[in-house]
Asker: 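Structure below; questions to follow.
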Amino acid sequence: MPGAALLDAHLQSGCTTVARVWSVNRKDGVVLGFTDHDQDLTFDGVIYRADTGLSARAVQQSTGLSVDNTEALGALSAAAIREADISAGRYDGAEVLSWLVNWSDVAARKLVFRGHIGELRRHGGAFHAELRGLTDVLNRPMGRVIQKSCSVVLGDGACGVDLNAPGVSTLALVHELATSNRFVLSGVEGFDECWFRRGRFHVLTGEGAGLSHAIQDDRQNGALRVIDLWEALRVDIHPGDQIRLIAGCDGSMTQCQSRFGNLLNYRGFPDVPNEDWLTAMPAQTAQRSGGSRR
């Protein structure tokens, strides 16, 4: 019998032993489990800890397209949710699952909420996490944008570029930390200057492992590489930490073809006239050959 049916049968018995559990799946692959029961619960390979001080308000659910939401409250704990991890952004956009579980038989459970972490606040040794349901994505603008530059993200399904292909990404080591958003790297060879501008900076080892930021600028400094990020990393990075650099793309048709050989998947409109053309005066010449105006 499915878990939801088992739980329904248990609830109809009139004498229930139920608890709520949550799992937080961070983008760096870390999965954390919590429960409001007084003992740990385990299923699907995840241990849901009872000693974390986490609680959650009732989930507001409705039919239609309204956004389901709730809020998780808890104490910051070195063993569970650390303030340093929140500050570093490790919980930004993390997936959250919530079940109602029969703690005497965890096979009897029902998924009651699925969404992600929205606004996350911390104060006085505690945190407040807004949980947004699946319908929250319906608030985002959808559809193609008519613009000169390509509207997709390098490496996504619409782009099709393999980020692991030679020339698209490379591994490097931190040689020196200039500032919190400027890094001097070693081991970057065979790439033109500015090759990684607008690309991604992924930390693979050390305290910042799993974090990723956008690259603002990329410069050659002898045998070393200087990388500037748009946003400072909020963790300590040390010499010797391994970094993965992903090439940048400015969205132009020229770069799509010359750098990635991906013109067939180009999603921009380079011939869209600009505002100056739209407000231009009619041509004064008598010639009407039908030739290009460019």
Asker: Taking all heavy atoms of Leu204 and all of Ala209, pick out the closest pair and write down the distance.
Answerer: O-CB, 3.5 Å
Asker: Can you pull the ring pair (Phe, Tyr, Trp, His ring centres under 6.0 Å) pairs that have at least one residue in residues 200-230, sequence neighbours excluded?
Answerer: Phe183-Phe201
Asker: Show the nearest heavy-atom pair for residues Ala232 and Asn181, with the distance to one decimal.
Answerer: CA-CB, 3.7 Å
Asker: Rounded to the nearest 0.5 Å, what separation is found between the CG atom of Asp218 and the CG atom of Asp228?
Answerer: 9.0 Å
Asker: Heavy atoms, side chains only, cut-off 4.5 Å: are Val226 and Arg182 in contact?
Answerer: yes
Asker: Are Cys159 and Phe260 close enough that some pair of their side-chain heavy atoms sits under 4.5 Å apart?
Answerer: no
Asker: Answer yes or no: is there an ion pair linking Asp92 with Arg90, defined by an N-O contact shorter than 4.0 Å?
Answerer: no
Asker: Does any pair with a residue in residues 155-166 pass side-chain hydrogen bond (donor to acceptor under 3.5 Å, both in side chains), and if so which ones, sequence neighbours excluded?
Answerer: Asn164-Arg244
Asker: Could you measure the distance from the CG atom of Asp40 to the CD1 atom of Ile47? Nearest 0.5 Å is fine.
Answerer: 7.0 Å
Asker: Can I get a per-line list of side-chain donor-acceptor pairs under 3.5 Å for residues 105-112, giving both atom names and the distance, sequence neighbours left out?
Answerer:
residue, atom, partner, partner atom, Å
Asp105, OD1, Ala107, N, 3.3
Arg109, NH1, Val106, O, 2.8
Arg109, NH2, Asp44, OD1, 3.3
Arg109, NH2, Asp44, OD2, 3.4

Asker: Could you check whether any side-chain heavy atom of Val203 comes within less than 4.5 Å of a side-chain heavy atom of Leu233, counting everything from C-beta outward?
Answerer: yes
Asker: Could you pull out the closest heavy-atom pair between Leu224 and Val184, with the gap in Å?
Answerer: CD1-CG1, 3.6 Å
Asker: Indicate yes or no: at least one non-hydrogen side-chain atom of Ile237 is less than 4.5 angstrom from one of Val235.
Answerer: yes
Asker: According to the side-chain hydrogen bond (donor to acceptor under 3.5 Å, both in side chains) rule, which pairs have a member within residues 183-192, sequence neighbours left out?
Answerer: none
Asker: Should His175 and Leu185 count as side-chain neighbours, where that means a heavy-atom distance under 4.5 Å?
Answerer: no
Asker: If you measure from the Lys or Arg side-chain nitrogens to the Asp or Glu carboxylate oxygens, is any gap between Asp250 and Arg198 under 4.0 Å?
Answerer: no
Asker: Rounded to the nearest 0.5 Å, what separation is found between the CG atom of Leu229 and the OG atom of Ser212?
Answerer: 9.0 Å
Asker: Taking the inter-plane angle between the rings of Phe191 and Phe196 on a 0 to 90° scale, is it parallel (under 30°), tilted (30 to 60°) or perpendicular (over 60°)?
Answerer: tilted
Asker: Which other residues end up in the same hydrophobic cluster as Leu263, if Ile, Leu, Val, Met, Phe, Trp and Tyr are linked when side-chain heavy atoms come under 4.5 Å apart?
Answerer: Met253, Tyr266
Asker: Does the pair Arg114/Glu95 count as a salt bridge with the N-to-O cut at 4.0 Å?
Answerer: yes
Asker: What distance separates Ser180 OG from Glu231 CD, expressed to the nearest 0.5 Å?
Answerer: 10.0 Å
Asker: Return the minimal non-hydrogen interatomic distance between Leu100 and Val18, and the atom names on each side.
Answerer: CD1-CB, 4.3 Å
Asker: Contact between Leu245 and Ile215 at the side-chain level, heavy atoms closer than 4.5 Å - yes or no?
Answerer: yes
Asker: Tell me whether Thr35 contacts the main-chain N or O of Tyr48 through its side chain, where contact means a donor paired with an acceptor under 3.5 Å.
Answerer: no
Asker: Trp195 and Gly167: which non-hydrogen atoms are nearest, and at how many Å?
Answerer: NE1-O, 3.0 Å
Asker: Is there a side-chain contact between Lys148 and Pro270 (heavy atoms, below 4.5 Å)?
Answerer: no
Asker: Ignoring hydrogens and angles, state whether a donor on the side chain of Gln216 or Arg197 is under 3.5 Å from an acceptor on the partner side chain.
Answerer: no
Asker: Is there a salt bridge (charged side-chain N to carboxylate O under 4.0 Å, His left out) between Arg225 and Glu193? Walk through the geometry before answering.
Answerer: CA-CA 9 Å; Arg225 203 81 172 201; Glu193 192 170 52; over 6 Å; no
Asker: Quick one: are Val31 and Val24 in side-chain contact, heavy atoms under 4.5 Å?
Answerer: no
Asker: Taking salt bridge (charged side-chain N to carboxylate O under 4.0 Å, His left out) as the test, write out the residues that go with Glu207, two or more places apart.
Answerer: none
Asker: Begin from the C-alpha positions of Phe113 and Trp22 and carry the test ring-ring contact (aromatic ring centres under 6.0 Å, His included) through to its verdict.
Answerer: CA-CA 9 Å; Phe113 178 85; Trp22 306 266; over 10 Å; no
Asker: At their closest point, which heavy atom of Ala172 faces which heavy atom of Val188, and how far apart are they?
Answerer: CB-CG2, 3.5 Å
Asker: Would you give the length of the straight line joining atom CG of Leu7 to atom CG of Asn102, rounded to the nearest 0.5 angstrom?
Answerer: 7.0 Å
Asker: Under 30°, 30 to 60°, or over 60°: which ring-plane class applies to His37 and Trp103, parallel, tilted or perpendicular?
Answerer: parallel
